[in-house]
2 protein chains.
Amino acid sequence: MVDAVRLGWFEFATGFHLRKAQEASFAAFKRLVGGIDIRVGHFATLMLIGENPGINQTTLGRAVGRDKSSLTPILDDLVERGLVARKRSVQDRRRYGLTLTEEGEAMRATLAASATEHEKALAACVSPDDLAHFVRILKRIARIMPD
Amino acid sequence: MVDAVRLGWFEFATGFHLRKAQEASFAAFKRLVGGIDIRVGHFATLMLIGENPGINQTTLGRAVGRDKSSLTPILDDLVERGLVARKRSVQDRRRYGLTLTEEGEAMRATLAASATEHEKALAACVSPDDLAHFVRILKRIARIMPD
DNA sequence: TATTGTTATACTCTATAACTATA
DNA sequence: TATAGTTATAGAGTATAACAATA
């Protein structure tokens, strides 16, 4: 049974469609990397450590919009799997500098390939001309809305 | 301490910014309706029942992208608070027809006002010319990505 | 046999608060 | 006193599976 549901006001509710688009994109990405045993939170963490070697957990948390305590189990897992190394800073012994191991770098390359695939799938929804503009709007929303 | 974090590849990762924009929009909406004791899941449910009187739970779940079992506790709460009425269908006694009570309708009107405010806040991030196009892209992503 | 809705249950993700150790 | 990171814990939000009632 396929019932037509009137969205009514929701037809134009940006927040509602933002959520559905995000969920769809998320689900598609999960399916894409389904063969690789890694979660999306792990993915972002791995990519950002690769891009910012020596970054600490608090800074990393701010970048992905999560509390530092939320990152602890993710990092525990990545370290245990030999993908990330925690090195205590000599200048400030409270901090750990995070870096990718060789294996972590290899995993990052593999995941980056999946991510590129995923971007291609998104490109089927947004013309190349519009994509940059689209992402710019998303960034503006993320930056401005909280105030 | 404000560290600059290199996003690197992430700079262009649509999915990443989609998530951050969705979270920012969600947080802003929560703050807006903060005075009203209602959650976002409840909000969508209330709006869609108002727009589709007599809708059943399975159909409603499909519209919001949730399993029917996820809606049961939400509906229990809305019914207990006198906002929604469950009426067993006479044609098919397995189904309940969902409608808003008078109080539910009043709540819907109040929430719709908040939602309109929220859309105005979003309009500060997307020009009126672009907004319709932006939402169209979001819908396309939600429709196409899962395949 | 299939479907609607409920229940029991468990999992993921996340934050808060209290803690240790350093500064 | 303040900060980096960990631990314990709790709360959303969600899905899966088994179930009862009905089709």
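Not measured: the values here are computed from a predicted model. Residue numbers begin at 1 in each chain, while the letters A, B, ... track the order of the sequences. Heavy-atom basis, side chains included; hydrogens, waters and symmetry copies ignored.
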Q) So, is B:Thr58 near the phosphate of C:dT3, with a side-chain N or O under 4.0 Å from OP1 or OP2? A) no
Q | B:Arg86 vs C:dT4: side-chain N/O to OP1/OP2 distance below 4.0 Å | A |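 B:Arg86 to C:dT4 OP1/OP2: no side-chain N or O under 4.0 Å.
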Q. Between B:Glu105 and B:Arg108, is a salt bridge (Lys or Arg N to Asp or Glu O under 4.0 Å) present by the stated rule, with each step listed?
A. CA-CA 5 Å; B:Glu105 193 52 66; B:Arg108 180 164 97 104; 3.2 Å; yes
Any [X] side-chain heavy atom under 4.5 Å of [Y] side chain:
| X | Y | value |
| --- | --- | --- |
| A:Leu78 | A:Met107 | no |
| B:Arg31 | A:Met145 | no |
| A:Val64 | B:Arg19 | yes |

Whole-Å distance between [N] [atom2] and [X] [atom1]?
| X | N | atom1 | atom2 | result |
| --- | --- | --- | --- | --- |
| A:Lys30 | C:dC11 | NZ | P | 15 Å |
| A:Gln57 | D:dT7 | CD | P | 11 Å |
| A:Lys87 | D:dG5 | NZ | P | 15 Å |
| A:Leu60 | C:dT14 | CG | C1' | 15 Å |
| B:Arg19 | C:dC13 | CZ | P | 11 Å |
| B:Gln22 | D:dG13 | CD | C1' | 13 Å |

Q. Closest nucleotide of DNA chain D for A:Tyr96 versus for A:Glu23: which of these residues is on the 5' side?
A. A:Tyr96
Q. Starting at the 5' end of DNA chain D and moving along, which residue's nearest nucleotide shows up first, A:Gly97 or B:His42?
A. A:Gly97
Ignoring hydrogens and geometry beyond distance, is a side-chain donor-acceptor pair present between [X] and [Y] at under 3.5 Å?
| X | Y | answer |
| --- | --- | --- |
| B:Ser127 | B:Asp129 | no |
| B:Ser70 | B:Asp67 | no |
| B:Asn56 | B:Thr59 | yes |
| A:Glu103 | A:Thr101 | no |

Q. When the ring planes of A:Phe29 and A:Phe43 are compared, do they come out parallel, tilted or perpendicular, using 30° and 60° as the limits?
A. tilted
Q: For each nucleotide in nucleotides 15-23 of chain D, reading 5' to 3', give B when a protein heavy atom comes within less than 4.0 Å of its base, S when such contact involves only the sugar-phosphate, and - otherwise.
A: BB----BBS
Q | Interface residues of residues 72-84 of chain B with DNA chain D (non-hydrogen, below 4.0 angstrom) | A | none
